[in-house]
Amino acid sequence: MRIGYPCKNLTLENAYSSTFRLKSFSETRFNETVKNNLCYLLKILGFNKKNNILFFRISSDIIPFASHPICQTDWSHAFKTELNEIGDFIKKNNMRVSMHPDQFVVLNSTSEKVIENSIRELQYHSKVLESMTLPTDAKIQIHIGGVYGDKNMAKEKFINSFNKLEGYLKERIIIENDDRSYSLKDCLDVHSETGTPIVFDTFHHECLNHNETMQEALFCSASTWKHSLDGNPIIDYSSQSIGERKGKHAKTIDKNHFIALHKELKKFIQKGSTDLDVMLEIKDKEASALLSLALTK
DNA sequence: AGTTGTCAAGCTAGT
DNA sequence: ACTAGCTTGACAACT
């Protein structure tokens, strides 16, 4: 079981993907920023390797404005050396990475323009992973999208949009159950029409479920992954930030809550034929990842 | 140097 | 009507 954290490292200095305002866009600014971001990504991966953290989510900001028309740079060519070096490091060390495009990626939107933008954004994410020559277990995780007052129609819309995507995108995209609209069951409905693997988010499942047992939920979601192509099923983990509104992610790992979940995961792994990789969506990033490794040794 | 308004993009639920 | 939240507050203009 690999443990990971998202997007940035709080121990290392400046170890996040910096960006800038669209108004400040220039070729120079773009190149400087990308060079820096790639350099810090490699540093983060180095830190992770030393600490046995073998899973990491790459920030969508790594190439700023990559899917915007203003960006005309062939960055995958210009930074081929750096991108290859990162990809080689990941592969050499049995690491895994994923990406999670932000809320603007909505494949079932009622606006064609939004869908077009979403596809461009997905193409960009895929290009990052392709440029690192990573296999298709390096996934791009999205939500199903809006409901628009009719969930069945909205699901159909997602299925339609998804099935029209190019094959190289379909191979990378995975769908995540969310905390308010689309439950695991909804994701399974979509999966049956698209074949998209489901990344099971245990915290969202606590917020929105159909009373499945944890073992049932793990079995259903893990069954949507084709091991040779997709790698280990991914689990997103977090817990409720106490005293804050429902769905807000915890600032730091809740030890007992995590240990209980970890037991369930272990139980599932032992009786099943598959391992799992766990992404910790917790605000304090690598601190919780390190703690979780210590707790489960 | 420190503070604060704003940022490419969507949608939902809570206030 | 407005805002917090989402994978993540940081950039940039102002005081």
Side-chain angles (χ1 to χ4, degrees), chain A residues 4-10 13-26 29-30 32-33 36-37 40-41 44 55-71 97-125 128 139-151 154 157-158 161 174-183 186 199 201-204 207-208 234-238 240-241 243-251 278-289:
Chain A
Y5 62 97
C7 300
K8 63 183 194 179
N9 179 295
L10 302 173
E13 205 150 317
N14 298 319
Y16 57 90
S17 283
S18 73
T19 180
F20 48 85
R21 296 286 182 264
L22 181 56
K23 268 201 298 196
S24 328
F25 191 98
S26 73
R29 184 82 187 259
F30 175 84
E32 272 173 15
T33 306
N36 247 318
N37 289 349
Y40 278 113
L41 173 57
I44 293 174
F55 191 20
F56 186 68
R57 180 182 295 162
I58 297 174
S59 168
S60 296
D61 284 336
I62 188 129
I63 318 285
F65 300 102
S67 74
H68 191 283
I70 201 170
C71 180
V97 293
S98 65
M99 296 185 84
H100 193 338
D102 59 28
Q103 58 270 37
F104 310 108
V105 171
V106 184
L107 283 179
N108 72 350
S109 175
T110 50
S111 149
E112 279 306 310
K113 185 78 201 160
V114 171
I115 297 180
E116 282 169 29
N117 287 346
S118 299
I119 294 172
R120 280 221 311 279
E121 187 71 357
L122 289 167
Q123 288 166 337
Y124 148 61
H125 282 77
V128 170
K139 294 298 188 189
I140 301 168
Q141 166 176 350
I142 59 173
H143 292 284
I144 293 173
V147 174
Y148 311 101
D150 184 340
K151 199 193 268 185
K157 180 94 185 179
F158 180 94
S161 290
I174 56 180
I175 50 175
E176 172 189 357
N177 59 305
D178 65 72
D179 58 340
R180 323 181 160 195
S181 305
Y182 290 96
S183 64
D186 293 318
V199 48
D201 187 309
T202 62
F203 177 41
H204 291 162
C207 299
L208 181 67
I234 297 173
I235 304 293
D236 277 2
Y237 171 81
S238 187
Q240 177 67 40
S241 184
E244 307 234 31
R245 62 202 271 167
K246 187 181 169 193
K248 178 148 177 167
H249 291 225
K251 290 189 183 71
V278 183
M279 176 59 61
L280 303 181
E281 294 184 330
I282 300 178
K283 304 282 184 196
D284 66 2
K285 308 292 176 190
E286 76 280 3
S288 283

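We name chains A, B, ... by the order of the sequence lines, and we start the count at 1 in each one.
A:Asn108 contributes no side-chain N or O that, together with a main-chain N or O of A:Val147, makes up a donor-acceptor pair within less than 3.5 Å.
Nucleic acid contact for A:Arg120: none, since no nucleic acid atom lies under 4.0 Å from a heavy atom of the residue. Heavy atoms of A:Ser60 sit nowhere under 4.0 angstrom from any nucleic acid atom. Using a 4.0 Å heavy-atom distance criterion, A:Glu121 is classed as a base contact. The residue A:Asp102 sits close to a base: some heavy atom pair falls under 4.0 Å. Counting non-hydrogen atoms under 4.0 angstrom, A:Gln103 reaches a base of the nucleic acid. Within the nucleic acid shown, A:Tyr148 comes within 4.0 Å of sugar-phosphate atoms alone, with no base atom in reach, counting heavy atoms only. Base contact: A:Ser67 has a heavy atom under 4.0 Å from a base atom. A:Val147 comes within 4.0 angstrom of the backbone, heavy atoms only, and of no base.
Going from atom CZ of A:Arg57 over to atom P of C:dC6 covers 12 Å, rounded to whole Å.
A distance cut-off of 5.5 Å between ring centres, combined with a plane angle under 30°, places A:Phe104 in a stacking arrangement with the base of B:dA9.
When the side-chain nitrogen and oxygen atoms of A:Arg29 are compared with OP1 and OP2 of C:dA12, one or more of them lie within a distance under 4.0 Å. At B:dC11, one or more side-chain N or O atoms of A:Ser109 fall inside 4.0 Å of OP1 or OP2 (strictly under the cut-off). Note on A:Lys283: every side-chain N or O is 4.0 Å or more away from OP1 and OP2 of C:dT7. At the phosphate of C:dT7, neither OP1 nor OP2 sits under 4.0 Å from any side-chain N or O atom of A:Lys285. Side-chain nitrogen and oxygen atoms of A:His204 include at least one within less than 4.0 Å of the OP1 or OP2 phosphate oxygen of C:dT7.
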Pair A:Asn36-A:Thr33, side chain to side chain donor-acceptor pair (under 3.5 Å): steps then yes or no: CA-CA 5 Å; A:Asn36 247 318; A:Thr33 306; over 6 Å; no
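For the side-chain contact (heavy atoms from CB on, under 4.5 Å) with A:Lys8, the lone residue among A:Phe56, A:Tyr40, A:Tyr16 that qualifies is A:Tyr16.
Checked against side chain to side chain donor-acceptor pair (under 3.5 Å), A:Ser67 has the following partners two or more places apart in sequence or in another chain: A:Glu121. Take A:Phe25 and apply the ring pair (Phe, Tyr, Trp, His ring centres under 6.0 Å) test, not counting sequence neighbours, and it matches A:Phe20, A:Phe30. In terms of the side chain to side chain donor-acceptor pair (under 3.5 Å) criterion, residue partners of A:Tyr237 (sequence neighbours excluded) are, by chain and number, A:His257.
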Between side-chain atoms of residues 57-65 of chain A and protein atoms elsewhere (two or more places apart, or another chain), which donor-acceptor pairs fall under 3.5 Å?
from    : atom 1 : to       : atom 2 : distance (Å)
A:Arg57 : NH1    : A:Glu281 : OE2    : 3.3
A:Arg57 : NH2    : A:Glu281 : OE2    : 2.9
A:Ser59 : OG     : A:Asp61  : N      : 3.0
A:Ser60 : OG     : A:His100 : O      : 3.3
A:Ser60 : OG     : A:His125 : NE2    : 2.8

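With P as the reference atom, C:dA12 and B:dA9 are 16 Å apart, rounded to whole Å. A gap of 29 Å separates the C1' atoms of C:dC6 and B:dG2, to the nearest Å. Straight-line distance between the P atoms of C:dT3 and B:dG5: roughly 12 Å, to the nearest whole Å.
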Which pairs, protein N/O on one side and nucleotides 13-15 of chain C N/O on the other, fall under 3.5 Å?
none

For DNA chain C, the dot-bracket pattern of Watson-Crick and G-U pairs whose distances stay under 3.5 Å, | for other-strand partners: ||||||..|||||||
